[in-house]
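Below: one structure, written as structure tokens.
By convention in this document, chain letters (A, B, ...) are assigned in the order of the sequence lines, proteins followed by strands, and residues within each chain are numbered from 1.
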Amino acid sequence: MIELPKRFEFKEVDDKWSRVWEEKNLFHAQLNPAKPPYTVVIPPPNVTGILHMGHALNNTLQDIMIRYKRMKGFETCWMPGTDHAGIATQNVVEKQIAKEGKKRQDLGREEFLKRLWAWKKEYGDTIIHQLKKLGSSCDWPRTRFTMDESYSDAVKHVFVSLYKKGFIYRGEYIINWCPRCLTALSDEEAEHRDIQGNLYHIRYPFKDNEKEGVVVATTRPETMLGDTAVAVNPDDERYRSLIGKTLVLPLINREIKIIADAFVDPQFGTGAVKVTPAHDPNDFEMGRRHNLKFINIMHPNAVLNKEAGDFEGSDRFEAREAIIESLREAKYLVKIEPHTHSVGHCYRCHTVIEPYLSKQWFVKMKPLAKPALEAVQDGRIKFYPERWTKVYLNWMDNIRDWCISRQIWWGHRIPVWYCIGEGASQHPCQEPIVSESAPDKCPRCGSTRLQQDEDVLDTWFSSWLWPFATFDWPQVRPGVDDQGPKTNDQRPKTQDQEVKGGKVSDLSYFYPTASLFTAPEIIFFWVARMIMAGFEFMGDIPFKDVYIHGTVRDAQGRKMSKSLGNAIDPLEIINEYGADALRYSLIVNSGQDLFISKEKFEIGRNFANKIWNAARLILMNTTKIEPDFDLAARMQSDGGLDLPSRWIISRFYTTLEKVSQAIEKFRFSEAETLIHEFFWGNFCDWYLEMIKDKWGDTTIQNTAFKILELSLKMIHPFMPFVTEEIFSYLHKEKGALAIQPWPVFTKACVDPKSEESMAVLLELISAIRNARTQWNVKPNDKIQCLFAAKSEKSIDLLRHNAAILKNLSRIGEISITTEFTVPKNAATGLTGNITYAIPLGDLIDVEQEKKRILTQIEEQRKAAESLSKRLQNPQFVEKAPGDVVQKERERLAGLEQKNNELQQAIAHLE
RNA sequence: GGGCGUAUAACUCAGUUGGUUAGAGUAUCGCCUUCACAUGGCGGAAGUCAGAGGUUCGAGUCCUCUUACGCCCACCA
């Protein structure tokens, strides 16, 4: 007998168990060749700030799977860690120092990076702390960061290796450039806003006919100074004959050709486009396709350079006015029409972004994509839900080269050096020196004056190595330092199996990982690239399953974000409702995108409290717990258990099996619904109610206790804290629930007959309860129950257990005599339908009751009519499967039976 | 513009290969606290499964179209 508090006090419990789990180091995976591994790598949260609801969802999903697999007997390794998130983190720190009135240039590279590392320390630690509060059972000693020294080695190694293979090259590229901040911006940093601008129509004259020409339309007329072609759609009848003709660029008098390119939309503007390869991303692509000249007309500060002729020295917007004026005077300006279009602005200073030509590093993606594409096509890697496969394949089919250089300071510095020694510009020293470690001198001219590339690598260029760089690749290389990566069945089975290098490495043991849990928006950025890296560097898939979860939104459907102010902080929920409540509520809502408001977390809080109180009831009433109480044995011995006990045991195992399957199929919300239905709807609402006055029976005690224990195991992956706490009261000696084995599905404990009979009985009880409130049945009134059951066996069971009804006085508050009427041909009876036929006692409202029954009769009649119609249809009988037809026949018979009963009832009322 | 998705009770959503009278939670409305839990119990009401066609003996489920909404990618010369 143990007394527990009335409510689940989650605050102390949450803290206690996250501490205990960590102290006991329960989640640290050992290299254990006797066990199959199950590995998950965390999508490393950005160290930009604290965790949001999306993280809470993402990590809860992973934790459910990991805890489940751990209990299932796998050697589970959930690799935690954080991502340096180059641009994003640099931005937050730049904002921070901006408050001190400084720019990063004021601090200098070294000092600025110190600030970033300080930031990383603070927020990285906070993130890990938050993960622990959430209950995440990560392998904490393995925690990694994408800029750890060994991880950086992996990044450099990869760069050099790809460069040597010819997969990395340096090329020209159009980037977003802020002429005020003098820095490149990523696409994400370019804020696009609709601007009321103008569309300027300008005539470019033919070389051989100054009077005629082609009219082009542009929003940025100043860029015309850099035009090197005019493009039209090859199928455009208006221009087809002009393709290949030469035009003269006004003001500059450069001769340019008319080219044909499918990119041009004949519907837009005049259908002819001026092509400025150095100042527009599309024109850049066209320029490449058609081998056009790239003429840069601006200085980095957007002041026109010498290519601009007379306009040299003026700012881009002044130049626009001046150029329009000149064109107008020279009669080349045809018209100006207002035009709204989207223009990128610098997210910091809101200056209009200039597309600017610059040198960047690229990865050739086509050769890397091939095996990654095939792996998904042939099912070696599966997406859940499956539809994301299409999204992935669609992108991989249209993959483009990856620009990996970034003009920022926070990140992995590009491992490339340039010789700036004497005469470097003249001789081949211009070739970059690509090396994992800093070279002492130029290998070509011997000069020691070398300079490292200023840029850093894209964040994803480190994240794409996450599944194996976290396991110390390339210090440990598969097949070189050990036996190499193994598929599950090839992995060494025993500890002392001889392998090359003397031992099995973590990398070989844990790689490939099992599943990846992530958000849809990074399928391209991250998932696809990890698959490519997996094949390129490990020769194998990085994971087998990819589970894509929904986006967390607020009640209005907006993405949760700090700037919108609609974000709900997971920690706030944990403090107010508990971590279990947060976890449960998030997952139960997680079918697709989640629409979250605070009240939704009450579901989880209430459920945790319900579990707590069920345990409280059981612990208050159990006195003689038999450690060897064996449910399966009891189920098999006849008469060992009463119907409700048989039923609840069977319900548990049925649910267990469904829950296991749901988890395996990544159907987490379904698993929670099943658990809720079983534990609350079956166990608490019925079983515990029924046995309330039978605690003296030790078999009942032990059954309730055992079902509670089993349920705790089943619920643990979803709600680890409350289950762990209760388990510690149940079994002091067994240790943490987190490492208990998952209940074994026992067929002997599944008893469909009992479930069937109980379903009938439950309806019967409901009917009696109903009768009590509706008809004011008095104690000792006699109620006759007419019902039909599927088989004689279940009828026997019912009759045998009819006594239960008498013991339900708490519910019915009446003493009940039951009379069962069994239909002559039981096989044609209807399972699970009960009708109370002869209520005795005073009716509250005869008319109302009559109406109710008449409505029922009408409904029944309609149903029976359509059913008999269907059964009379020869095509149905012929084509439908036999069991369907049989079922329908039984249904009809049941309906008729029920109809009779209702008729009787109404007759009785009159 | 390309790709993907969603539409089921007042709200949030289940509904797995087509086959009982379409389910749950919340909210609402009754009735109920000595007896684990009011973060609770019992019961009621609440649905033209977005609309229109089609396939089928049979459609919430499959196909086509329409409407509305959402996401991702590209683009706005």
Side-chain angles (χ1 to χ4, degrees), chain A residues 4 6-8 192 194 199-200 216-220 223 231 263-265 268-270 272-276 280-283 286 339-343 385 387-388 390-391 394-395 398 520-521 523-524 550-551 553 555 557 559 577 581 588-589 591-597 599-600 602-621 661-662 665 667 669-670 673 676-677 681 684-685 688-689 692-693 766 769-770 772-774 810-811 830 832 859-860 862-864 866-867 870 873-881 883-885 887-888 890-892 894-895:
Chain A
L4 263 49
K6 252 183 143 176
R7 287 186 189 177
F8 172 46
H192 282 269
D194 278 345
L199 196 55
Y200 302 87
V216 297
T218 178
T219 55
R220 294 191 298 153
T223 62
F263 161 78
V264 180
D265 174 9
F268 188 88
T270 61
V273 186
K274 60 190 269 313
V275 183
T276 324
D280 182 278
N282 290 309
D283 294 6
M286 269 195 275
H339 177 67
T340 308
H341 61 130
S342 168
V343 178
R387 61 190 161 88
W388 294 106
K390 272 192 267 180
V391 176
N394 187 31
W395 187 73
N398 300 303
E521 59 263 27
I523 291 178
F524 310 138
T551 308
R553 299 171 187 286
K559 214 169 177 168
Y577 298 91
V588 84
N589 281 298
Q592 308 171 43
D593 280 4
L594 295 81
F595 297 86
I596 292 295
S597 56
E599 309 83 68
K600 291 225 162 154
E602 288 174 12
I603 305 169
R605 180 199 57 184
N606 295 356
F607 190 39
N609 194 56
K610 189 73 179 178
I611 296 168
W612 179 258
N613 273 290
R616 183 169 178 245
L617 174 69
I618 292 166
L619 287 170
M620 278 192 320
N621 289 291
Q661 279 170 15
K665 285 191 241 155
R667 301 171 69 104
S669 64
E670 184 179 308
T673 308
H676 190 273
E677 188 188 334
C684 293
D685 285 351
L688 293 181
E689 291 296 338
K692 260 185 176 161
D693 51 2
S766 289
R769 280 172 171 169
N770 207 9
R772 191 186 144 268
T773 49
Q774 298 228 354
R810 268 200 74 255
I811 298 164
L830 184 68
E859 274 170 16
Q860 301 270 325
K862 271 188 198 160
S866 78
L867 198 51
R870 193 185 303 176
N873 183 344
Q875 278 172 305
F876 170 69
V877 179
E878 191 186 318
K879 290 190 185 174
D883 58 321
V884 172
V885 177
K887 263 193 202 162
E888 300 283 64
E890 285 172 17
R891 214 179 107 214
L892 184 60
L895 283 172

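Of the nucleotides present, none pairs with B:rA9 by Watson-Crick or G-U wobble criteria with both distances under 3.5 Å. Within the shown strands, nothing qualifies as a pairing partner of B:rU48 under the Watson-Crick or G-U definition with both distances less than 3.5 Å. Nucleotide B:rU55: unpaired (no Watson-Crick or G-U wobble partner with both distances less than 3.5 Å). Taking a pair to require two hydrogen-bonding distances under 3.5 Å in either a Watson-Crick or a G-U wobble arrangement, B:rU16 remains unpaired. For B:rC42, the paired nucleotide is B:rG30, the pair qualifying as Watson-Crick or G-U wobble because both relevant distances are below 3.5 Å. Pair check for B:rG1 finds B:rC73; Watson-Crick or G-U wobble, both atom distances under 3.5 Å. Pair assignment for B:rU61 gives none, since no Watson-Crick or G-U wobble pairing has each distance under 3.5 Å.
Using a 4.0 Å heavy-atom cutoff across all strands shown, A:Ala614 reaches at least one base atom of the nucleic acid. Across all strands shown, A:Asn282 has heavy atoms under 4.0 Å from sugar-phosphate atoms exclusively, and none from any base. Residue contacts for A:Thr219: at a heavy-atom cut-off of 4.0 Å it reaches the sugar-phosphate backbone alone, with no base atom in range. Note on A:Lys600: only backbone sugar-phosphate atoms sit closer than 4.0 angstrom, heavy atoms only; bases stay farther off. If you check every strand for non-hydrogen atoms under 4.0 Å, A:Asn873 touches sugar and phosphate atoms only. If you check every strand for non-hydrogen atoms under 4.0 Å, A:Arg605 touches a base. Using a 4.0 Å heavy-atom cutoff across all strands shown, A:Phe607 reaches no nucleic acid atom at all.
Taking the side chain as every heavy atom from C-beta outward, A:Phe263 and A:Asn282 approach each other to under 4.5 Å. Within the 4.5 Å cutoff, the side chain of A:Val885 has no heavy atoms near those of the A:Glu888 side chain. In this structure, A:Glu521 and A:Thr551 have side chains that are in contact, with non-hydrogen atoms separated by less than 4.5 Å. Between A:Lys274 and A:Thr223 the shortest side-chain heavy-atom distance falls below 4.5 Å. With contacts defined as side-chain heavy-atom distances shorter than 4.5 Å, the pair A:Arg220/A:Thr276 does not qualify. Using a 4.5 Å heavy-atom cutoff, the side chains of A:Leu617 and A:Leu688 are in contact.
Side-chain N/O atoms of A:Asn606 include one lying less than 4.0 angstrom from OP1 or OP2 on B:rG40. The side chain of A:Lys390 places an N or O atom within less than 4.0 Å of a non-bridging phosphate oxygen (OP1 or OP2) of B:rG5. In terms of phosphate contacts, A:Arg667 brings a side-chain nitrogen or oxygen within less than 4.0 Å of OP1 or OP2 of B:rG15. When the side-chain nitrogen and oxygen atoms of A:Lys610 are compared with OP1 and OP2 of B:rA38, none of them lie within a distance under 4.0 Å. Side-chain N/O atoms of A:Arg7 include one lying less than 4.0 angstrom from OP1 or OP2 on B:rU39.
Taking every side-chain heavy atom of A:Asp280 into account, B:rC76 is the closest of B:rC76, B:rA38, B:rG19. Side-chain atoms of A:Asn394 lie closest to B:rG3 of the nucleotides B:rG3, B:rU39, B:rC4. Of the candidate nucleotides B:rC42, B:rA36, B:rC76, B:rC42 has the atom lying nearest to any side-chain atom of A:Asp685. Closest to the side chain of A:His676, from the set B:rG25, B:rC76, B:rA36, is B:rG25. Distance from the side chain of A:Phe268 is smallest to B:rC76 among B:rU16, B:rC37, B:rC76.
Heavy-atom distances to RNA chain B give each of A:Phe524 and A:Gln875 a nearest nucleotide, and the one nearer the 5′ end belongs to A:Gln875.
For the C1' atom pair drawn from B:rU28 and B:rC11, the interatomic distance equals 11 Å after rounding to whole Å. The same atom, P, is picked in B:rA10 and in B:rC32; the two are 29 Å apart, to the nearest Å. Only the P atoms considered, B:rA7 is 12 Å distant from B:rU12, to the nearest whole Å. The separation of B:rC76 from B:rC13, taken at their C1' atoms, amounts to 38 Å, rounded to a whole angstrom. Between the C1' atoms of B:rC29 and B:rA46, the separation comes to 11 Å (whole Å). Atom P of B:rG25 sits at a distance of 10 Å from the matching atom of B:rC42, rounded to the whole Å. Taking the C1' atoms as reference points, B:rA52 lies 24 Å from B:rG15, given to the whole Å. Here the separation of B:rA14 from B:rG23, taken at their C1' atoms, is 7 Å to the nearest Å.
When all heavy atoms are compared, the tightest approach of A:Arg7 to A:Asn609 is CA-OD1, 3.6 Å. Residues A:Ala581 and A:Arg605 come closest through the heavy atom pair CB-N, 3.3 Å.
The interatomic distance linking A:Trp388 (CH2) with B:rC73 (C1') rounds to 12 Å, in whole Å. Atom CG of A:Leu688 and atom P of B:rA36 are 10 Å apart (whole Å). Between the CZ atom of A:Phe263 and the P atom of B:rG2 there is a distance of 15 Å, rounded to whole Å. Whole-Å rounding puts the A:Glu670 CD to B:rU12 P distance at 22 Å. A:Trp612 places its CH2 atom 17 Å from the P atom of B:rG40, with the value rounded to the nearest Å. Rounding to whole angstrom units, CZ of residue A:Phe876 and C1' of B:rU20 are separated by 11 Å. Protein atom CD of A:Glu689 is 10 Å distant from nucleotide atom C1' of B:rC37, rounded to whole Å. Atom CG of A:Asn609 and atom C1' of B:rG40 are 9 Å apart (whole Å).
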side-chain contact (heavy atoms from CB on, under 4.5 Å) for A:Ile523 and A:Trp388? Distances and angles first, verdict last. CA-CA 9 Å; A:Ile523 291 178; A:Trp388 294 106; 3.6 Å; yes
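Base orientation at B:rU20 is anti, since its O4'-C1' glycosidic dihedral falls outside 90° of 0.
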